[in-house]
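A single structure is presented below for examination.
Small disclaimer: the values here were computed from a predicted structure and weren't measured. No hydrogens, no waters, no symmetry mates; every other heavy atom, side chains included, goes into these values.
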Amino acid sequence: MSDITDKPNKNPIILLVAIGIALSAGLFYGMMWFAEEQNLIMVILTASAVGLLAVAITKVISYYYQTRNL
């Protein structure tokens, strides 16, 4: 039986953050490419995608810690 003081395993969190960094870097690269092509709509869409990705990663991490600490 686990003790309440046990800390959750951080390996899934590290993997999730690494994937998030890679996806964010790709989206930022695409956003800069669209900016060079002067495509405002795609710049706005990729910026929104970066924001949504950040929110999703934050929610997954908080859900993981809430379920593991109960």
Between atom CD1 of I21 and atom CZ of F28, what is the distance when rounded to the nearest 0.5 Å? 12.0 Å

Please tabulate, for the side chains in residues 37-58, all donor-acceptor contacts under 3.5 angstrom to protein atoms that are two or more places apart in sequence or on a different chain.
from: T46; atom 1: OG1; to: M42; atom 2: O; distance (Å): 2.9
from: T46; atom 1: OG1; to: V43; atom 2: O; distance (Å): 3.1
from: S48; atom 1: OG; to: I44; atom 2: O; distance (Å): 2.9
from: T58; atom 1: OG1; to: A54; atom 2: O; distance (Å): 2.8

My understanding is that only residues two or more places apart in sequence, or in another chain, count here; which of them pass side chain to side chain contact (heavy atoms under 4.5 Å, CB included) with V60? L16

Identify whether M32 and F34 are in the same connected component of the hydrophobic contact network (ILVMFWY, side-chain heavy atoms under 4.5 Å). yes

